[in-house]
Amino acid sequence: MAGRTTSRSHTAPVSGERFAVLDPATGEAFAEAPDQQNDELDRVVGRARDAWRGWRSDPEARVTALLAAADAVEAAGVEIAPLLTREQGKPLSESYAEIARTAARLRYFAELGPGAEPIVDGRPVHSEIRWRPLGPVAAIVPWNFPLQLASAKFAPALAAGNTVVLKPSPFTPLATRLLGSVIATALPEDVLTIVTGREPLGARLASHPGIRHVTFTGSIPTGRAVAEAAAGSLARVTLELGGNDAAILLDDVDVEQIADRLFWAAFRNCGQVCMAVKRVYAPAGLYSDVVEALAERAKTAVVGAGLDPGTQLGPVNNPRQLARVEHYTARALADGARVVAGGHRLDRSGYFHAPTILADVPPDSPVVTEEQFGPVLPVLPYRSLDEAVEAANDTGFGLGGSVWGTDLDLAEAVADRLECGTAWINHHAELSLAQPFAGIKESGVGFAGGPWGLYGNLRPFVVHRLEEV
């Protein structure tokens with residue numbers, strides 16, 4: 001990619017300090033990334049502020065630039081995808097899907113620009129709302145979907161006329177830096193800048209007085225810290241803080257018909273998805289069938305390095321997360337759960353854990369009440385729908401949920417009772433670019449997606465003109 005890195009590069013100038021990036025399929029370092037410091041961040045935010053003045057002033061130029069950026073991202077997919085798989089671990093096909101989603105999101109928001117809105121209130125005054133960008137936006141992104149979640153933040157922010165300083169996770173900085181260099185061929189200098197580094201770089205970015213909007217995806221404790229940091233400058237905050245999504249199966253469900261969809265709704269990306277199915281509630285009469293169907297798929301799923309063509313499930317991304325998965329599994333067994341499939345780390349190099357199905361799990365075990373964020377799925381029986389809905393809602397999370405069955409009216413009625421931001425019927429974790437995505441309770445603050453995501457990066461500016469002088 002040396003030919004793409006020009007004076008317009010969207011990766012910030014860096015000092016000599018660097019940190020290692022590990023391949024989760026081997027556990028070994030394969031590259032390094034810049035470990036940027038506070039003084040570098042100050043310069044980056046200052047340049048983003050300067051670039052904002054020009055970027056916000058020409059909506060037509062923004063549309064053209066963002067569409068060109070989408071084309072550039074698509075064209076560079078063959079270079080970006082293997083690097084994303086190498087540092088994140090996911091199958092190569094899923095890395096290509098992330099790149100496609102990134103390009104699609106750029107195109108969607110490029111053509112969604114806001115217009116002026118008249119205020120009709122019966123007074124002899126012409127009143128109009130004109131939407132204005134906020135200024136430099138800080139986007140802080142986790143390691144599970146580095147490019148997809150980055151674009152969910154920078155595409156609407158840029159389309160609204162803001163500039164963006166983007167910080168990826170130190171576990172997955174490389175593909176994002178490469179993406180920045182690719183986008184640099186289409187956008188003006190300093191409109192989108194990538195900074196990489198270990199903490200406290202993210203905390204410093206969230207608290208920087210030059211940032212006007214902080215958008216973050218990650219854990220609840222870190223989200224709280226981000227909100228506290230941003231409060232110092234009264235910056236707007238958008239937080240997506242994970243989930244513990246429940247899937248409720250009705251007693252008329254066709255287990256074999258839905259088993260594949262249900263399994264992959266839980267285990268895609270090795271279960272490292274905020275809106276993955278993380279708990280399954282099955283009617284007591286079908287409980288054994290559901291457990292057996294999911295276990296069969298767990299036992300036959302192909303686990304391997306993401307660059308291997310036959311791989312269906314890659315490794316857990318990092319050793320800390322693997323230890324978390326092992327802890328939740330061990331605790332569930334100590335609480336009386338039964339392993340039906342998996343239940344252990346695989347005996348090979350890298351951070352591999354067998355896809356695991358747990359039965360007979362006590363409802364208060366942490367693998368049920370907390371977000372395991374890995375390839376482990378507890379299945380719990382219920383005797384009445386009221387019991388199932390109450391159990392699904394008995395959590396501090398509120399991101400998503402799903403209901404599975406053949407009586408669609410009943411399924412929708414049950415879905416309407418779920419306390420979450422999105423409910424699916426007979427599928428899970430599928431989103432349209434045009435829909436809002438947000439959680440309730442501790443799963444987040446603010447909105448992403450669709451026009452709601454765009455307007456989250458804008459503020460209203462009202463102009464009144466007296467018609468009679």
Side-chain angles (χ1 to χ4, degrees), residues 219 242-249 251 253 255 258-260 262-301 303 313 315-316 319-347 351-385 387-397 399-402 404 428:
S219 70
N244 189 11
D245 290 15
I248 297 176
L249 278 56
D251 59 10
V253 72
V255 175
I258 61 97
D260 280 342
L262 182 61
F263 178 83
W264 289 110
F267 286 91
R268 177 189 171 216
N269 199 28
C270 208
Q272 301 167 132
V273 183
C274 60
M275 55 181 172
V277 170
K278 297 187 175 76
R279 300 172 285 156
V280 173
Y281 293 94
L286 294 175
Y287 183 68
S288 296
D289 293 341
V290 172
V291 168
E292 182 180 346
L294 292 173
E296 179 184 350
R297 284 151 180 84
K299 293 173 182 176
T300 56
V303 180
L313 287 176
V316 176
R320 183 174 63 190
Q321 190 60 30
L322 178 59
R324 179 183 175 93
V325 171
E326 291 182 296
H327 166 74
Y328 279 121
T329 303
R331 174 63 187 274
L333 297 182
D335 289 340
R338 173 169 55 94
V339 171
V340 189
H344 56 87
R345 179 175 180 169
L346 296 181
D347 185 16
Y351 310 131
F352 291 96
H353 193 281
T356 298
I357 303 297
L358 299 176
D360 305 334
V361 186
D364 59 351
S365 181
V367 78
V368 176
T369 61
E370 301 176 17
E371 183 181 28
Q372 67 272 30
F373 213 71
V376 177
L377 182 65
V379 186
L380 299 97
Y382 72 85
R383 298 192 179 280
S384 72
L385 272 178
E387 175 191 334
V389 172
E390 181 178 356
N393 290 337
D394 186 20
T395 175
F397 294 93
L399 195 60
S402 56
W404 305 69
H428 195 106

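Computed over heavy atoms, backbone and side chain alike; hydrogens, waters and symmetry mates excluded.
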message: Is the shortest side-chain heavy-atom distance between Phe373 and Lys278 below 4.5 Å?
response: yes

- prompt: Is it true that a side-chain atom of Glu387 and a backbone atom of Arg383 form a donor plus acceptor pair closer than 3.5 Å?
  reply: yes

message: Between Val277 and Leu377, is there a side-chain heavy-atom distance shorter than 4.5 Å?
response: yes

statement: d(Phe263 CZ, Glu296 CD) to nearest 0.5 Å is 10.5 Å

- line: What one should report as the nearest heavy-atom pair of Pro381 and Ala284 is CB-CA, 4.5 Å

message: Please give me the minimum heavy-atom distance between Ile258 and Trp404, naming the atom from each residue.
response: CB-CE3, 3.8 Å

message: Do Pro375 and Val316 make a side-chain contact, defined as non-hydrogen atoms from C-beta onward lying under 4.5 Å apart?
response: yes

message: For residues 280-290, which residue pairs pass the side-chain hydrogen bond (donor to acceptor under 3.5 Å, both in side chains) check, not counting sequence neighbours?
response: Arg279-Tyr281

- request: In sequence, state the C-alpha distance, the side-chain angles, and the governing distance for His353 and Val376, and then conclude on side chain to side chain contact (heavy atoms under 4.5 Å, CB included).
  value: CA-CA 9 Å; His353 193 281; Val376 177; 4.2 Å; yes

message: Tell me the closest heavy-atom pair linking Ala276 and Gly271, and the distance in Å.
response: CB-O, 4.4 Å

field: Separation between CG of Leu385 and CG of Asp251, rounded to the nearest 0.5 Å
entry: 7.0 Å

- prompt: Which atom pair, heavy atoms only, marks the closest approach of Pro362 to Val368?
  reply: O-CG2, 3.9 Å

- prompt: Where is the tightest heavy-atom contact between Thr356 and Gly343, given as atom of each residue plus distance?
  reply: OG1-N, 2.7 Å

message: Are Leu399 and Cys274 packed together at the side-chain level, in the sense that at least one heavy-atom pair is separated by less than 4.5 angstrom?
response: yes

field: Inter-residue atom distance Tyr351.OH - Leu322.CG, 0.5 Å rounding
entry: 8.5 Å

query: So do Gln321 and Gln272 actually touch side chain to side chain, heavy atoms under 4.5 Å?
result: yes

Pairwise side-chain contact, Ile248 with Ser402, heavy-atom cut-off 4.5 Å (strictly under): no

message: According to salt bridge (Lys or Arg N to Asp or Glu O under 4.0 Å), does anything in residues 336-347 pair up with another residue at least two apart or in another chain? List the pairs.
response: Arg338-Asp360

- prompt: Going from OH on Tyr382 to CD on Glu390, what distance comes out if it is rounded to the nearest 0.5 angstrom?
  reply: 14.0 Å

task: Starting at NE2 of His428, measure out to CE of Met275 and round the result to the nearest 0.5 Å.
output: 8.0 Å

- prompt: Where do Val339 and Leu358 land on the side chain to side chain contact (heavy atoms under 4.5 Å, CB included) test, with the steps shown first?
  reply: CA-CA 5 Å; Val339 171; Leu358 299 176; 3.7 Å; yes

message: Could you work out, with salt bridge (Lys or Arg N to Asp or Glu O under 4.0 Å) as the rule, every residue matching Arg297, not counting sequence neighbours?
response: Glu256, Asp260

message: For Glu292, is the CD atom crowded, meaning more than 12 foreign heavy atoms sit under 6.0 Å from it?
response: no

message: If you compare all heavy atoms of Asp245 against all heavy atoms of Gly401, which two are closest, and at what distance to 0.1 Å?
response: OD2-N, 3.9 Å

Val290 and Leu249, any side-chain heavy atoms less than 4.5 Å apart: yes

Residue pair Ile357 / Val379, side-chain heavy-atom distance below 4.5 Å: yes

task: Verify side chain to side chain contact (heavy atoms under 4.5 Å, CB included) between Val367 and Val361, making sure each step is shown before the conclusion.
output: CA-CA 8 Å; Val367 78; Val361 186; 3.7 Å; yes

